[in-house]
Q: 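Would you mind keeping the following structure in view while I ask a few things?
Below, all heavy atoms of this structure are taken into account, side chains as well, without hydrogens, waters or symmetry copies.
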Amino acid sequence: MSAIDPFAPDAVPLAARGEEVFQRTLAFSLAALGFFLPFSVAGTAVALFALLLLACCAPVRVWRLAPWRQPVMAAGLVLLAWIALRTLGESHPLAAKLAALNRYHELVMVPLLWCLLRLARMPDALWRGLLLGTFAYAGAHWMVQWAPAVAPWLESRRISGGLVFPVVAFLLFELARDMPQRRRWMARGGALFLLATAIFFADGRTGHVLALLMTGLIAWRAAPPRQRVLAALLVLLASACIALLSPAVRDRLTETMVATQADRQGTVAASSTGYRIQVWRNAIDVARNNALLGTGWAGYRQAYEAAAARPGRDEHWMHADNPHNEYLMQLGAGGVLALALFLAWLGLPLHAAWRERSATGPWPPMLACVTLAFAAGCVVNSLLLDFAGGHFHAALLAWLLARHDHH
């Protein structure tokens, strides 16, 4: 009788084969999610569906990780529960209520991804895919002068690009600390490329502001402890001067100044800034009148239209389903409880990072940076409601929390 080769494919136990297939599929799906996050809604949705199927293939292992015990996950799930309770209790058609609830599925996406990343042998596949997708997306911005047909596609995604480029740049700078010398300079060069893309080629205020914020944080982290404030201020000043060389930045600054001046004079500037001021004014009225329990997420549009119909309001922004400010969105739609839960969801990662600020690893500052960038972006966008911005933050938050908890 011939001996059995233990390394032959037929000799591998079925359970081991299944685990290998599971791990390879998981790594590929995580990489695909990261790649599509910066620019593709469809690609992101397909990758998420594949990850959901993988979670269903390992329900016991996912359950044993108990993501609801993690404070950030718990705050997000309680917020989602309140959104569901408040929305499903409204007197609107069921389809409208389910559609409103579905727009906050990122709050479930975070614990799901966290579990899968804890199970994955290669959790950094998500980060590698994100790097590849981000640089491909940034390269499209630089190539637009030779391919002008791409410009409308980029314009429709300017908010997500404005969030992605500065945040990934900071993460690259932070991870470069532990890289060999040659790779360290490559990473830093790539980060500068992304910051330059956000300032010179991304036509959005979010990207411009976050690029300056991330630049200041990079200087803060790079400087000796006693010189951090001075270094951050000097780098911010130098970055602001460089940013003024960008036509996109100058146009946005001029637009903002004109719109602000027009608002003081009681008129509305015909620009996105002018219209956004009117949206905020209407949203503040909605929040003030519904601060206790909110309008409900399905009923927000109706309440907004009632506020916008008041005398003296601009007719161009009579209809809106969000106030382009996540804090006003939570307060107006869900009341003070929703706003408090949303602030807790933002504050707990910052608390975790602050508690371990003396740690030598990169995860606490990276976690703080991602949260600060998202919180800042929520001032001028409803980022949790927005598909691209919400999914980008949810994926990074899950990855950083998984790596942070692992270390």
Side-chain angles (χ1 to χ4, degrees), residues 19 22-37 44 47-77 79-80 105-134 164 167-168 170-172 174-175 177-178 344-357 359-374 384 390-407:
E19 178 64 17
F22 177 83
Q23 289 294 338
R24 290 185 179 182
T25 309
L26 179 56
F28 178 81
S29 300
L30 289 171
L33 175 64
F35 179 79
F36 289 119
L37 277 172
T44 299
L48 276 178
F49 182 72
L51 290 167
L52 177 61
L53 292 179
L54 288 170
C56 293
C57 291
V60 176
R61 297 166 70 184
V62 170
W63 179 264
R64 286 176 179 172
L65 288 171
W68 53 87
R69 295 179 182 174
Q70 214 280 349
V72 180
M73 313 292 170
L77 291 173
L79 173 58
L80 181 63
H105 67 262
E106 292 94 338
L107 296 171
V108 175
M109 173 184 165
V110 176
L112 173 66
L113 275 179
W114 180 82
C115 289
L116 290 173
L117 287 161
R118 292 291 300 272
L119 294 175
R121 292 177 187 168
M122 295 184 289
D124 288 343
L126 176 69
W127 168 245
R128 297 188 184 102
L130 178 60
L131 273 183
L132 182 60
T134 301
V164 170
V167 170
V168 173
F170 178 90
L171 298 182
L172 264 178
E174 198 63 35
L175 290 173
R177 293 169 175 268
D178 297 326
W345 189 66
L346 292 176
L348 285 169
L350 294 175
H351 174 70
W354 175 259
R355 188 179 55 200
E356 300 187 25
R357 60 190 181 279
T360 56
W363 310 111
M366 291 166 65
L367 184 60
C369 159
V370 168
T371 305
L372 283 173
F374 185 76
L384 186 58
H391 282 72
F392 172 73
H393 178 68
L396 272 186
L397 182 63
W399 176 63
L400 291 171
L401 286 173
R403 296 306 305 268
H404 176 268
D405 294 341
H406 177 73
H407 284 75

Q: So, for Ala368 and Leu350, which heavy atoms are closest and what is the spacing to 0.1 Å?
A: O-CD2, 3.7 Å
Q: Would you indicate whether the side-chain heavy atoms of Thr134 and Phe392 approach each other to under 4.5 Å?
A: no
Q: Donor-acceptor pair, Glu106 side chain versus Ala394 backbone, under 3.5 Å?
A: no
Q: Taking only residues two or more places apart in sequence or in another chain, which ones pass side-chain hydrogen bond (donor to acceptor under 3.5 Å, both in side chains) with Trp399?
A: Asp124
Q: Locate the shortest heavy-atom distance separating Cys57 from Pro59; write the atom from each residue and the value.
A: C-CD, 3.4 Å
Q: In Å and rounded to the nearest 0.5 Å, what is the NE2 to CG distance from His351 to Leu367?
A: 12.0 Å
Q: I would like to know whether Val164 and Leu37 meet side chain to side chain contact (heavy atoms under 4.5 Å, CB included); could you show each step before the answer?
A: CA-CA 9 Å; Val164 170; Leu37 277 172; over 6 Å; no
Q: Should His391 and His105 count as side-chain neighbours, where that means a heavy-atom distance under 4.5 Å?
A: yes
Q: Do Leu51 and Leu33 make a side-chain contact, defined as non-hydrogen atoms from C-beta onward lying under 4.5 Å apart?
A: yes
Q: How long is the straight-line distance from CE of Met122 back to CG of Leu26, given to the nearest 0.5 Å?
A: 8.5 Å
Q: Search all heavy atoms of Pro67 against all heavy atoms of Val62 and return the closest pair with its distance.
A: CD-O, 4.1 Å
Q: If you compare all heavy atoms of Gln23 against all heavy atoms of Arg121, which two are closest, and at what distance to 0.1 Å?
A: OE1-N, 2.9 Å
Q: Quick one: does Leu396's side chain get under 4.5 Å of Leu130's, heavy atoms only?
A: yes
Q: Please name the pair of heavy atoms, one in Ala353 and one in Pro364, separated by the smallest distance, quoted to 0.1 Å.
A: CB-O, 3.2 Å
Q: Count the heavy atoms of every other residue, nucleotide or ligand shown that sit under 6.0 Å from CZ of Arg24, and state whether that count exceeds 12.
A: no
Q: So Glu174 and Cys369, do their side chains get closer than 4.5 Å, heavy atoms only?
A: no
Q: Passes side chain to side chain contact (heavy atoms under 4.5 Å, CB included), Leu113 versus Leu397? Steps please.
A: CA-CA 9 Å; Leu113 275 179; Leu397 182 63; over 6 Å; no
Q: Using 30° and 60° as the class boundaries, would you call the ring planes of Phe374 and His393 parallel, tilted or perpendicular?
A: parallel
Q: Taking atom CG of Leu126 and atom CZ of Arg403, what is their separation to the nearest 0.5 Å?
A: 11.0 Å
Q: Within a strict 4.5 Å, meaning less than it, do heavy atoms of the Val108 and Leu80 side chains meet?
A: yes
Q: Are more than 12 heavy atoms, taken from residues, nucleotides or ligands other than Phe28, located less than 6.0 Å from that residue's CZ atom?
A: no
Q: To the nearest 0.5 Å, what is the distance between CG (Leu52) and OG (Ser29)?
A: 11.0 Å
Q: Enumerate the residue pairs fulfilling salt bridge (charged side-chain N to carboxylate O under 4.0 Å, His left out) with a member in residues 63-74, sequence neighbours excluded, ordered by first and then second residue.
A: none
Q: Between CG of Leu117 and CH2 of Trp114, what distance do you get to the nearest 0.5 Å?
A: 10.0 Å
Q: Dump the intermediate steps for side chain to side chain contact (heavy atoms under 4.5 Å, CB included) on Leu131 and Leu172, then the final yes or no.
A: CA-CA 9 Å; Leu131 273 183; Leu172 264 178; 3.9 Å; yes
Q: Can you find a heavy atom in the side chain of Leu107 that is under 4.5 Å from one in the side chain of Trp345?
A: yes
Q: Mind checking the CG-CG spacing from Leu65 to Leu119? Nearest 0.5 Å is all I need.
A: 5.0 Å
Q: Test side chain to side chain contact (heavy atoms under 4.5 Å, CB included) on Trp127 and Leu171; report intermediate values, then the result.
A: CA-CA 10 Å; Trp127 168 245; Leu171 298 182; 3.6 Å; yes
Q: Do Leu346 and Leu372 have side chains that get closer than 4.5 Å, going by heavy atoms?
A: no
